[in-house]
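Letters go in sequence order (proteins before strands), and every chain restarts at 1. Side chains are part of it too, since the values below use all heavy atoms of this structure and drop only hydrogens, waters and symmetry mates.
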Amino acid sequence: MTPKPESTDDIELRLLLEAIAGQYHYDFRGYSMASLTRRLTQARDHFGCRSYSRLQDLVLHDPTAFPKLFSFLTVQVSELFRDPAYFRALREQVVPHLRTYPSLKVWVAGCSAGEELYSLAILFREEGLEDRTLFYGTDINPEALKKAEAGVYELDRIPLFTENHQKSGGKSSLSDYYTAAYGAAVFDKTLRKRAVFSDHSLVSDAVFAEVHLVSCRNVLIYFDRELQDRAVGLFKDSLVRKGFLGLGAKESLRFSAHAGAFTEFAPHERIYQLRGAR
Amino acid sequence: MTAANHPPEPEARPRAGAVVVGASAGAVEALSAVLPGLPAGYPLPVLVVVHVPPDKPSAMADLFRMKCAVAVREADDKEPVAPGTVYFAPPDYHLLLGRNGELSLSSEEPVLFSRPSIDVLFESAADALGPGVVGVVLTGANADGAAGLRAVRAAGGTAVVQDPATAQAAAMPRAALAACPDARVLTLDQIAAFLRGLGDRHD
């Protein structure tokens with residue numbers, strides 16, 4: 001496949017991403033361009049800009065525009081116990097290993113509005129591991145982090161969450177963990193008493209803790225391979241020996257520079273284990 | 001958009017880079033008339049979006065692996081596309097082709113209620129390959145693929161639509177034709193022959 005020469009649009013896109021990185025310190029230049037271009041086109045149309053250059057002008061000079069553009073640039077789609085088979089594999093295959101540690105740290109990288117972290121907190125409570133575990137939820141999107149702290153989800157999403165939880169081998173009823181009020185499900189505050197939500201970028205930040213499990217699902221698909229390698233490198237350096245890395249259902253380390261550092265622990269559920277010797 | 005808005009399709013077309021296919025209602029039958037006709041060693045990658053339910057594993061790749069001479073896989077993120085291989089979009093993910101020749105997946109919002117979306121695949125392939133993309137819209141009961149096929153033509157690529165009269169569900173090919181009036185209108189057998197022909201020219 002021969003790549004096309006750079007068009008005017010391409011030049012403007014490149015400059016827009018450079019401008020965002022320069023002024024707002026969010027660097028999207030290592031994102032997967034195929035889907036990022038699509039989101040930027042939607043943003044351009046949303047703001048009524050004729051070109052990416054106009055959008056760049058707006059974003060550099062109107063401080064209210066960037067947060068709106070930011071919501072186009074980051075993808076926030078998740079659900080509780082998304083891909084129940086993944087959580088079942090954690091429960092049945094990974095938890096027996098985790099039980100052998102006196103204390104545990106879990107990192108949900110790219111935690112969005114917290115769905116994945118609450119899922120893990122519930123699972124760990126069901127498995128009797130919650131009291132020895134500290135959960136880190138990180139994301140670059142401050143709005144998402146606020147939602148994650150709040151733990152409030154629209155009530156119409158609950159039937160799907162409940163079904164997912166049951167399919168994941170849930171040992172309790174999901175309704176034990178939330179209170180329904182005014183069209184919203186408010187999750188039990190005690191679920192996040194051992195959780196820390198914080199701003200952390202897989203693009204630019206460093207390792208911040210030694211952890212036993214990293215769950216980073218449907219985040220790497222938005223990165224190009226080089227940036228994926230950086231992120232997986234962070235996971236590798238964060239994990240204890242024989243620690244676990246869970247990816248999204250269609251993500252893999254097959255094309256990663258770090259593939260050799262991991263073994264395929266539950267290949268179908270995309271759970272990897274860091275090799276013992278480093 | 002009228003035919004006049006499209007760049008002309010040159011007689012001696014540039015080497016095709018990839019074939020993208022979209023199908024919805026009636027997809028299995030239609031694809032069964034097209035994909036098994038591709039010979040082993042076919043020189044192009046073929047990327048396929050079929051509208052499948054989001055919540056269960058798709059049987060598409062397994063089904064067609066048995067029927068086809070070419071390799072058949074469900075696409076993985078950042079997989080480099082290889083010639084002679086059919087890639088199905090996984091359920092609940094958009095499939096995109098990048099300019100670097102790698103596949104990308106995305107969990108972004110459904111487009112026209114569809115994830116995977118034919119439009120998303122076609123638009124990305126048009127952007128990645130320009131005149132080198134061949135877009136094929138088959139049977140279906142919605143309008144997905146119409147905007148994507150228009151993007152394929154606007155980039156100078158080749159547009160093929162299953163003859164609506166022969167489609168199990170005519171709405172999708174009709175919408176594609178309305179968006180792209182100069183597309184080649186072919187029966188399934190003719191589409192199979194056309195795709196095989198792209199391979200011959202490539203040798």
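Within the 4.5 Å cutoff, the side chain of A/R225 has heavy atoms near those of the B/P80 side chain. Using a 4.5 Å cut-off on side-chain heavy atoms (C-beta onward), B/R115 and A/V77 make contact.
Of the residues considered (B/D92, B/L96, B/D76), B/D76 shows the highest number of contacts with chain A, using heavy-atom pairs under 4.5 Å. When the candidates A/R39, A/M33, A/Q76 are compared by the number of heavy-atom contacts under 4.5 Å with chain B, A/R39 comes out ahead.
Proximity to chain B (any heavy atom under 4.5 Å) is shown, for A/L160, by neither the backbone nor the side chain. Neither the backbone nor the side chain of A/R217 comes within less than 4.5 Å of any heavy atom in chain B. Interface residue B/E79: backbone and side-chain heavy atoms are both found under 4.5 Å from chain A. Contacts of A/A249 with chain B are made by both backbone and side-chain atoms, with heavy-atom separations under 4.5 Å.
Distance alone, capped at 3.5 Å, places no donor-acceptor pair between the B/K78 side chain and the A/D224 backbone.
The two atoms that bring A/A34 and B/L97 nearest to each other are CB-O, 3.9 Å, heavy atoms only.
If you check the side chains of A/S32 and B/S104, you find a donor sitting under 3.5 Å from an acceptor.
Salt bridge absent: B/D77 and A/R270 never bring a charged side-chain N and a carboxylate O closer than 4.0 Å.
Within a 6.0 Å radius of NE2 in A/H46, more than 12 heavy atoms belonging to other residues, nucleotides or ligands are found. For A/R230, the CZ atom counts as densely surrounded, since its 6.0 Å shell holds more than 12 non-hydrogen atoms of other residues, nucleotides or ligands.
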- Begin from the C-alpha positions of B/R99 and A/D10 and carry the test side-chain contact (heavy atoms from CB on, under 4.5 Å) through to its verdict. CA-CA 12 Å; B/R99 291 188 190 179; A/D10 298 339; 2.8 Å; yes
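The residue from B/E109, B/E123, B/E108 that alone fulfils the salt bridge (charged side-chain N to carboxylate O under 4.0 Å, His left out) condition with A/R38 is B/E123.
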